[in-house]
J.: 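Input: one structure, supplied below.
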Amino acid sequence: MAAPGAAGSPQPGRCAYFVERKRRFCKMVPARGRRFCGEHGAHAEEENSRKRIPCPLDPKHTVYEDQLQKHLKKCNSREQPKPVYFVQDINAGVKDATELPKEQQIPISTLSKEQLEDLIRKLRRASNSINYVLKDEILSHQALNEALNDPKNGVAAIKHLKQQASILGHMERLHLLGSGKCFVEFGAGRGKLSHWVDIALHNAQDIHFLLVERATTRFKVDGKHRKNCFERLQVDIQHLGLNKVPVLAKRKLPVIGIGKHVCGAATDLALRCLVETYAKPFDKKEGPAPKRLKTDEGNATPNNSGETLNTSVTDNWRPVAGIVIALCCHHRCDWKHYVGQEFFATVGLGAVEFNYFKRMTSWATCGMKDTSKKSCETDTKNEDQNDEEEEHAQDVGSLECSLDNLQGLLTTEERKQIGQLCKLLIDYGRLEYLQQRGYEAVLQRYTDHSVSLENVLLTAVPCQSPLATS
């Protein structure tokens, strides 16, 4: 609208349109000889003959109707060209996987007492068949000692740092922190995990980082990284052809997949991206063996180009050198992407049971939901507050934590135990998936429950590698 007299006047050289919502004049610069910018030009007398319409690509802005086709060719909201590593649904899994009909996706709270008891019997029978016990393996790493002891860091920041320190501790124990590797962080967000890995590798050479995140991210820590070795891949993991990323296609570097709270189905997509998409060409022996840096282990021998190869490492080299992923948000899993379908079949389960179990995983943390939320509210000024502040605790709030209409069939403690069994069963399917593909995989609690409600870490290294037995 035109500016009201009581509101003052626009700044010299600025648009004369008064933005009612912001209670100020538009700050855009109009064309020479005009009072209004292009967005608000229709309100000027000389522009009344031309009509502005919402952009069909993004209705948040408008365009002259007679210039629509020209605008569509340069609009920032137009579909951008796909990167070379974008391969539609490459990590999505089997396309004809059994889909659960919508009529069978009913809330748990609507199940009868007999149906729920039968579901729990199936869960316990499957859990007893695997007989897997999670162990506490809470580690740390010296790279984070200073930050952990910094009084400026609040409660939330310390929780994140403890998790990152333990993840790095597990990587060090598996000998995954070294030169000549490419670290791929799935669900990278701000990139804090890669940032700490980079600090831990300050003396390492020939290191690359690929930060995979499908959404644009604010407050990234990329500026703190070393130059020329960090690259962001803005793509959904489902469509990431890792072997087509230029640095990997050219160098064929051994990859280490990492992640801190890779939510739900993203974990399954990441595992398939690593052990199928990236490893497959090497299993077929496509392309030459990669060049290796000289290390202190084994005997170093020169190759044809005069560079040094470590024979003990080269002979046992695998495309994926290791996997270290903190698991999270099992209720966001998806049967069609789940890598443990074969395992579920062997224990007499399928898509129907999976659909219920993934929702029942929220029972494992719903008892801690309110406490966690309160602790988050006490540290609102912390820099990590908007990063990933116990996202799993807040997210389960809308799930089926309450079973009041089941006539008190289960106590709170029983629901918590069942939720934990559901999480373990889903994670064990991922474990067996890796084991069947030549990896020594382990599930362990990598941090205390008071630090994170989702405190299970999945680690894996190739069985053929001497690292697996060290």
Side-chain angles (χ1 to χ4, degrees), residues 1-3 10-11 13-92 95 185-191 210-220 222-223 230-242 244-246 262-266 269-270 273 277 332 334 336-337 386-388 391 395:
M1 61 178 292
Q11 298 179 16
R14 302 291 178 173
C15 178
Y17 182 82
F18 186 79
V19 185
E20 186 67 28
R21 180 174 60 86
K22 298 183 178 180
R23 303 300 302 168
R24 63 166 174 79
F25 287 94
C26 173
K27 296 183 179 180
M28 297 295 290
V29 179
R32 180 177 298 180
R34 299 188 184 276
R35 294 182 59 235
F36 295 89
C37 68
E39 182 70 19
H40 304 123
H43 296 271
E45 294 181 2
E46 63 271 26
E47 303 286 351
N48 277 341
S49 59
R50 302 178 69 190
K51 181 182 178 182
R52 291 188 72 87
I53 61 174
C55 174
L57 300 178
D58 183 3
K60 292 180 180 180
H61 66 275
T62 61
V63 59
Y64 283 119
E65 188 174 25
D66 57 2
Q67 291 186 343
L68 177 61
Q69 295 305 317
K70 181 180 179 181
H71 170 79
L72 293 177
K73 295 179 180 179
K74 60 181 181 180
C75 179
N76 290 334
S77 298
R78 70 188 185 281
E79 184 177 1
Q80 301 296 326
K82 301 296 185 184
V84 65
Y85 47 78
F86 181 94
V87 183
Q88 186 72 35
D89 294 328
I90 189 171
N91 303 314
K95 293 183 179 180
E185 183 179 357
F186 294 96
R190 294 172 58 193
L210 297 177
L211 280 63
V212 183
E213 179 59 62
R214 66 181 179 181
T216 55
T217 306
R218 300 178 64 194
F219 309 117
K220 298 185 290 290
D222 298 24
F230 274 79
E231 180 182 357
R232 277 192 173 265
L233 307 180
Q234 188 173 339
V235 62
D236 193 308
I237 305 172
Q238 180 172 335
H239 312 302
L240 173 58
L242 198 57
K244 295 183 180 295
V245 177
V262 183
C263 293
L269 298 173
C273 176
T277 303
R332 289 184 175 178
D334 193 316
K336 66 180 178 181
H337 298 316
N386 295 322
D387 184 13
E388 51 187 47
E391 69 285 356
D395 195 47

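Given the structure is predicted, the values throughout are model-derived calculations rather than measurements.
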J.: Using every non-hydrogen atom in the two residues, find where A92 and L269 come nearest and quote the distance to one decimal.
T.: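 Looks like CA-CD2, 4.1 Å.
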J.: Quick one: does P246's side chain get under 4.5 Å of V84's, heavy atoms only?
T.: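 Contact flag for P246/V84 side chains = yes.
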J.: Can you tell me if CD on E79 sees more than 12 non-hydrogen neighbours from other groups inside 6.0 Å?
T.: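 Not buried by this count: 12 neighbours or fewer within 6.0 Å.
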J.: Can you check side chain to side chain contact (heavy atoms under 4.5 Å, CB included) on R14 and V29, steps first, answer last?
T.: CA-CA 5 Å; R14 302 291 178 173; V29 179; 3.3 Å; yes
J.: Could you go step by step and tell me if H239 and R214 meet the side chain to side chain contact (heavy atoms under 4.5 Å, CB included) rule?
T.: CA-CA 10 Å; H239 312 302; R214 66 181 179 181; over 6 Å; no
J.: Using the side-chain hydrogen bond (donor to acceptor under 3.5 Å, both in side chains) definition, which of the options R52, K51, H71 pairs with T62?
T.: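 It is R52, the one option of R52, K51, H71 that forms the side-chain hydrogen bond (donor to acceptor under 3.5 Å, both in side chains) with T62.
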J.: For A265, does its backbone N or O pair with a side-chain atom of D334 as donor and acceptor, under 3.5 Å?
T.: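 Side chain of D334 to backbone of A265, a donor-acceptor pair under 3.5 Å: no, none is there.
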J.: Is the closest side-chain heavy-atom distance between H61 and S77 below 4.5 Å?
T.: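 Yes, close enough: below the 4.5 Å cut-off.
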J.: Give a yes or no on whether the backbone of L211 and the side-chain of E185 come within a donor-acceptor separation of less than 3.5 Å.
T.: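 No.
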J.: What's the spacing between L68 CG and K70 NZ if we round to 0.5 Å?
T.: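 Taking CG in L68 and NZ in K70, the distance rounds to 12.5 Å.
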J.: Mind listing the closest non-hydrogen atom pair of C37 and C15 along with its distance?
T.: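 Scanning both residues completely, I find the closest heavy atoms to be N-SG, 3.3 Å.
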J.: Over all heavy atoms of both residues, which pair between R78 and C75 is shortest? Give the atoms and the distance, please.
T.: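 For R78 and C75, the tightest heavy-atom pair comes out as NH1-O, 2.8 Å.
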J.: Can you name the nearest heavy-atom pair linking E213 to G189, along with the distance?
T.: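 For E213 versus G189, the nearest heavy atoms are OE1-N, 2.9 Å.
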J.: Taking side chain as C-beta onward, heavy atoms only, is L240 less than 4.5 Å from T277?
T.: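 The answer is no; the side chains never approach within 4.5 Å.
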J.: Under 4.5 Å between any side-chain heavy atoms of E20 and F18, yes or no?
T.: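 Of all side-chain heavy-atom pairs linking F18 with E20, at least one is under 4.5 Å.
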J.: Taking side chain as C-beta onward, heavy atoms only, is K82 less than 4.5 Å from Q88?
T.: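 No, side chains not in contact.
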J.: Working to the nearest 0.5 angstrom, can you tell me the gap between I237 CD1 and C273 SG?
T.: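 Going from the CD1 atom of I237 to the SG atom of C273 covers 7.5 Å.
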J.: When rounded to the nearest 0.5 angstrom, what distance separates SG in C26 from CZ in R24?
T.: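 Answer for the SG-CZ pair, C26 versus R24, is 7.0 Å.
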J.: Please report the interatomic distance CZ(F186) to CG(L242), rounded to the nearest 0.5 Å.
T.: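 Reported to 0.5 Å precision, the distance equals 6.0 Å.
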J.: With a cut-off of 6.0 Å (strictly less than), are more than 12 heavy atoms of other residues, nucleotides or ligands near CG of N76?
T.: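 No, CG of N76 has 12 or fewer neighbouring heavy atoms, counting only those of other groups under 6.0 Å.
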J.: To the closest 0.5 Å, what do you measure between CD (Q67) and CG (L72)?
T.: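 Rounded to the nearest 0.5 Å, the CD-CG separation comes out at 11.5 Å.
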J.: Between atom CG of D89 and atom NZ of K336, what is the distance when rounded to the nearest 0.5 Å?
T.: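 Result: 8.0 Å between the selected atoms.
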